[in-house]
Amino acid sequence: MPRSISAVLAVLLLCLFAGCVESTVSYVVPDSAPLMYTIEDAGNRAQFSPDGTMLLTTGDNGQKLKSPGVSLPRLWSASNGAHLRDLRLEDLDPDVNEHHLRARFHRDGSVIARGWYQRGSNDAVHILTRWDAQDGAQLQRTVVGRTGRLVSLAVSPDGRYVAIAAPNRDIKIYHTSDFELHSEFEPDFNDNPIGSDIDWSPNSTLLMANESFVVNIFRPSPFARNLPQEFSSSAFVGDDQLLFADAVGILHLTDYSSFADNGTFVSPSDDLVKTIAVAPDGSLFAVAGDGSENDGKNDYITVRVHRVFNGEVIAEIRLPRVPVTEMNFDDEADRLAIANADNDVMVFNISPNK
C-alpha cells in the first residue's frame, strides 16, 4: 500500500533536516520498505562501506553525467545521506574530453578506484588509486596498462586482489598491497565481450562477468565457462550458487559447477529482471525490472526484495521508469541502496519486514 500524504511529508522533512537532498520525483514506497533519503547527482553506482557507516558513489561507463562531480568517488553518511567528502584523482584534468571511474570499498574500509581519462585521440591515462576513506588521504597510486575505455573494477572479499575488466575481453588482476600485476587473461566465449560488470564470489576464487544476456565465470587460473542459457542478470549466492533471471523473467537458483536447479522463482509481474543484488549474508536478494509494468497511466520499474530460501517477496518499491544501474545491500541486510541512470541514489529501509 502506498504511504499516506502525511507520512511522505514527514520523511521529506526528516531528510531535509538530516542534510540530504530529496528528489523532486514522487516515489511510491510501501510501508515495508520506507525511503530513508535520496541523493541527487551522486552517481550511477553505489556501495555501502563494510562497517555500514558510509555510502560510496561514482559515475561511470559512458553515462551522460549531469555535473562533473558525479564522476568522482564520493562519500556520504549512510544514516542520512549527508555529504562527507570527495576523493580526487591527482591527475584528473576537468577539461579532458571524457573520463570514467569505478570505485569500490576494500574490506579494511579504504577506497580503491580505477580511472580512465583521455586528453586527446591517442593520449589515454589509466590509473589505480587508493584512499583512506576517513580523511580522504591518498595511500597508493599507480599507472596501469591500457585495458580499454570502459571501466569495471571489483575488489575481492578477502581483500587481496582487485580485478579490472574491459570490453576488449581482457581481465587483469592486481595485488591490493602494492598494485603489482598478479595475472591477466583473455577468455574466448563465442566473441561475447566481458562487458561492464564483474563480481567476485564470496570466497574470492571466482569472477563473474555480465553483458547482454551472457555471463562468463572465471577462475584466476585462468578457467572460464558459460552458463547454459541466455538470461538478463545474475549474482553469486554464497560460494556454491548462482542466482540468475532468464530471458522471460523467471529467476533460477543453481549450483554453479553442475547447474543443478536449486530453486525457481516466478516474478509476480511481466516486468523482466535487469539487475540483481544479493545481501552479503545470502539471506535476501533484490531484483529490479526493466520498466515494462504500467499502472494505466505511466510505465514504472519495480524493485522487489525476496528471501533466498523460498523466494518470498518481503518488500516492493515502485520507481519512475529510469534504468537501475546498481543495487547494494549493507552488511546487515537492513538497507538497500539503488542507483539509477539519472545519477540519483535512493536508500530504503528493508529491516521492518525481514
Side-chain angles (χ1 to χ4, degrees), residues 41-50 54-65 68-76 86-92 96 98-107 109-118 124-131 133 136 138-157 159 161-176 179 181 184 193-200 207-211 218 233 235 275 277 323-328 337-341 343 345:
D41 277 348
N44 53 37
R45 300 283 168 172
Q47 182 192 22
F48 285 102
S49 61
M54 290 183 286
L55 191 66
L56 170 68
T57 65
T58 52
D60 64 1
N61 293 346
Q63 294 284 347
K64 293 182 178 179
L65 306 177
V70 301
S71 63
L72 293 170
R74 311 185 79 182
L75 293 170
W76 315 81
D86 292 348
L87 303 176
R88 298 189 176 274
L89 297 172
E90 290 182 354
D91 293 338
L92 189 62
V96 298
E98 55 183 326
H99 52 270
H100 305 272
L101 290 172
R102 174 67 64 84
R104 308 302 284 178
F105 277 108
H106 186 274
R107 63 180 297 177
S110 63
V111 174
I112 297 178
R114 156 84 193 285
W116 177 96
Y117 61 97
Q118 189 164 352
V125 179
H126 304 255
I127 56 177
L128 276 173
T129 306
R130 186 174 187 170
W131 297 268
Q138 183 174 290
L139 303 176
Q140 292 172 255
R141 178 187 173 281
T142 188
V143 177
V144 298
R146 187 181 183 95
T147 55
R149 59 180 290 183
L150 196 62
V151 174
S152 187
L153 176 147
V155 180
S156 62
Y161 305 110
V162 54
I164 293 172
N168 58 6
R169 296 164 46 241
D170 289 335
I171 284 185
K172 295 187 177 183
I173 300 174
Y174 297 85
H175 296 278
T176 56
F179 286 163
L181 184 66
E184 59 182 314
I194 288 172
S196 60
D197 288 298
I198 54 173
D199 291 294
W200 290 89
L207 283 169
M208 178 165 55
N210 303 334
E211 179 69 7
F218 305 93
S233 189
T275 307
V324 171
T325 49
E326 184 169 46
M327 298 187 293
N328 188 260
I338 302 174
N340 67 24
N343 302 310
V345 175

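The side-chain hydrogen bond (donor to acceptor under 3.5 Å, both in side chains) check on S110 picks up D108, R130, with sequence neighbours excluded. Under the rule for a side chain to side chain contact (heavy atoms under 4.5 Å, CB included), the partners of A133 that lie at least two apart in sequence or sit in another chain are M54, L75, F105, V111. In this structure, Q47 has no side-chain hydrogen bond (donor to acceptor under 3.5 Å, both in side chains) partners at least two apart in sequence or on a different chain. A154 meets the side chain to side chain contact (heavy atoms under 4.5 Å, CB included) test with I198, W200; sequence neighbours excluded. Y161 meets the ring pair (Phe, Tyr, Trp, His ring centres under 6.0 Å) test with H175, H182; sequence neighbours excluded. Here P323 pairs with A341 under the side chain to side chain contact (heavy atoms under 4.5 Å, CB included) rule; sequence neighbours left out.
The two atoms that bring R102 and S152 nearest to each other are NH1-OG, 4.0 Å, heavy atoms only. Pairing each heavy atom of V345 with each of A339, the nearest pair is CG2-CB, 4.0 Å. Listed here is the closest heavy atom pair of Y174 and K172: OH-CD, 3.5 Å. Residues T176 and G159 share a closest heavy-atom pair of OG1-O, 2.5 Å. Counting all heavy atoms, side chain and backbone alike, I127 lies closest to V143 at CG2-CG2, 3.9 Å.
Atom CG of L87 and atom CD1 of I112 lie 12.0 Å apart (nearest 0.5 Å). With rounding to the nearest 0.5 angstrom, the CZ atom of R74 is 4.5 Å from the CG atom of D86. In this structure, CD1 in I173 is found 10.5 Å from CD1 in I164, a value given to the nearest 0.5 Å. The CD atom of Q140 sits 9.5 Å away from the OG1 atom of T129 when rounded to the nearest 0.5 Å.
Proximity of P73 to L56: side-chain heavy atoms (C-beta onward) are separated by under 4.5 Å at one or more points.
In this structure, the side chain of E326 engages the main chain of A46 through a donor-acceptor pair within 3.5 Å. Panel note: side chain T142, backbone F179; no donor-acceptor pair is recorded below 3.5 Å. Put simply, the side chain of R45 gets close to the backbone of T325: a donor and an acceptor are under 3.5 Å apart. A donor-acceptor distance shorter than 3.5 angstrom exists from the side chain of N328 to the backbone of F48, with no hydrogens or angles considered.
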Open item on the list: Quick one, L153 with L128, criterion side chain to side chain contact (heavy atoms under 4.5 Å, CB included). Give me CA distance, side-chain angles, the key distance, then yes/no.
Closed with: CA-CA 10 Å; L153 176 147; L128 276 173; 3.9 Å; yes

